[in-house]
There are 2 protein chains.
Amino acid sequence: MTDALEPSPKTDGFAVMLREAGLRVTSQRMAILRTLSSAEDHPTAEEIAGKARGSDASISHATVYRTLSVLEELGLIRKLSLENSPARYELCGDDDHGHIVDVGDGTIIEFEDEAMSARHQAIAADLGYEVVRCVTIIEARKKPGPV
Amino acid sequence: MTDALEPSPKTDGFAVMLREAGLRVTSQRMAILRTLSSAEDHPTAEEIAGKARGSDASISHATVYRTLSVLEELGLIRKLSLENSPARYELCGDDDHGHIVDVGDGTIIEFEDEAMSARHQAIAADLGYEVVRCVTIIEARKKPGPV
DNA sequence: GACTAGATGAGAATGAATTGCAATATCAAG
DNA sequence: CTTGATATTGCAATTCATTCTCATCTAGTC
Ligand SMILES: [Mn+2]
Ligand SMILES: [Mn+2]
Ligand SMILES: [Zn+2]
Ligand SMILES: [Zn+2]
């Protein structure tokens with residue numbers, strides 16, 4: 001139940017990161033960052049726009065898209081391109097985590113798997129590459145419940 | 001240098017699979033399947049349309065999209081939704097393979113990794129899911145070549 | 001050869017994302 | 001605290017991939 005609309009140590013950090021990148025700290029950018037910071041799920045650009053308007057009314061969707069691009073290049077957020085649906089976004093911690101998408105209802109479950117991440121690094125390294133970003137999406141179906 | 005436009009044991013197999021699924025075997029569907037069958041890369045729908053028109057002139061792009069959906073549901077092909085670009089398609093063998101996308105030039109390299117696939121199954125199973133499909137995309141940068 | 005459900009072609013429509021441009025706001029400098 | 005340079009924004013129009021509508025066509029069946 002933390003208030004997503006107020007400054008906090010976490011969001012203040014965002015401001016610093018923007019400045020360090022030579023970008024201006026605008027109310028729109030902070031509102032979007034706060035929205036992502038308080039999101040438990042993986043919202044789409046338009047969902048982010050809707051929530052961000054709660055703290056800073058009338059943020060245009062053009063600004064949302066532009067800001068999301070900027071933040072992604074900055075490495076602050078991650079974009080998930082799922083099939084047949086608009087892209088979804090999340091703040092990134094520095095973990096390489098994967099997503100299970102329930103093909104039944106679209107639920108997204110996150111998971112971390114050290115072995116998998118290690119494999120990604122190794123596979124890329126073998127081919128002379130250095131990992132920039134990994135996307136793992138496991139589309140899966142709920143198994144018939146036990147008993 | 002095999003001719004992609006002629007029937008072959010492989011493409012005859014496609015016809016059988018279509019019939020078994022209760023679908024009609026049309027020249028358009030076969031042309032698209034042959035195109036994918038001879039593709040070394042991961043073409044987009046429009047690229048597929050262009051090549052398929054070589055064997056069956058004037059296949060509409062609507063038909064290409066419709067056919068690709070049908071073939072995907074049938075499990076004959078796989079759709080890859082990469083970021084910031086139209087979807088790409090490939091025939092699927094029954095292997096769960098991943099893709100390394102060179103962030104420099106967009107090159108797509110395929111890889112198979114038994115350990116990784118096993119992890120996918122295990123992770124899903126742990127959460128009570130059964131894998132339908134896995135997408136692994138490793139965006140990576142070429143490492144400075146040795147000497 | 002005729003019938004019929006399924007498939008196609010042409011183009012309009014949709015929806016996500018991007019862009020041009022004039023107006024606005026950030027922030028460094030004075 | 002002002003000012004000015006310029007990054008950023010809002011709005012609307014635009015692009016682009018993909019989907020849809022519907023009249024026409026065709027594969028498969030008898
Ligand atoms: Mn969501
Ligand atoms: Mn290609
Ligand atoms: Zn996530
Ligand atoms: Zn592939």
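Proteins get letters first, then strands, A, B, ... in listed order; numbering begins at 1 in each. Keep in mind that what you see is a predicted model, and the values were worked out from it rather than measured.
Note on A/R133 versus B/E83: salt bridge recorded, some NZ/NE/NH1/NH2 to OD/OE distance being below 4.0 Å. Salt bridge absent: A/K142 and B/E130 never bring a charged side-chain N and a carboxylate O closer than 4.0 Å.
Rounded to an integer number of Å, the gap from B/L18 CG to C/dT8 C1' is 15 Å. Rounded to an integer number of Å, the gap from CG of A/D56 to P of D/dT8 is 16 Å. Distance B/L82 CG to D/dA17 C1': 14 Å, rounded to the nearest Å. Counting to the nearest Å, the P atom of C/dA7 and the CD1 atom of B/I32 are 13 Å from each other. Distance CZ (B/R19) to P (D/dT26): 17 Å, rounded to an integer number of Å. Between A/H61 atom NE2 and D/dC11 atom P the separation is 10 Å, expressed in whole Å. Residue A/E72 contributes atom CD, which lies 15 Å from atom C1' of C/dT18 at whole-angstrom precision. At whole-Å resolution of the value, CD in B/E20 and P in D/dG28 are 14 Å apart.
A donor and an acceptor atom, one from each side chain of A/T107 and A/D102, are nowhere located under 3.5 Å apart. Judged by distance alone, the side chains of A/Q28 and A/T63 never bring a donor and an acceptor atom under 3.5 Å apart.
Closest contact between the side chain of A/T63 and the listed nucleotides D/dT9, D/dT18, C/dA17 involves D/dT9. Residue B/R29 places its side chain closer to C/dA7 than to any other of C/dC27, C/dA17, C/dA7. Distances from the side chain of A/S69 to the nucleotides C/dA16, C/dT18, C/dG11 place C/dT18 closest. Closest contact between the side chain of B/A87 and the listed nucleotides C/dA17, D/dT18, C/dA7 involves D/dT18.
The residue A/Q28 sits close only to the backbone: its heavy atoms come under 4.0 Å of sugar-phosphate atoms, none of a base. B/S58 comes within 4.0 angstrom of the backbone, heavy atoms only, and of no base.
In this model, a side-chain donor or acceptor of B/R24 finds a partner on the base of C/dA5 within 3.5 Å.
When each of B/R66 and B/T26 is assigned the nucleotide of DNA chain D bearing its nearest heavy atom, the one mapping closer to the 5' terminus is B/R66. Judged by closest nucleotide on DNA chain D, A/S60 is the one of A/S60 and B/A62 placed further toward the 5' end.
One finds no side-chain N or O of B/Y65 lying less than 4.0 angstrom from the OP1 or OP2 phosphate oxygen of D/dT19.
Remark: B/H97 engages B/E90, B/D95, B/H99, B/E110 in a side chain to side chain donor-acceptor pair (under 3.5 Å) (not counting sequence neighbours).
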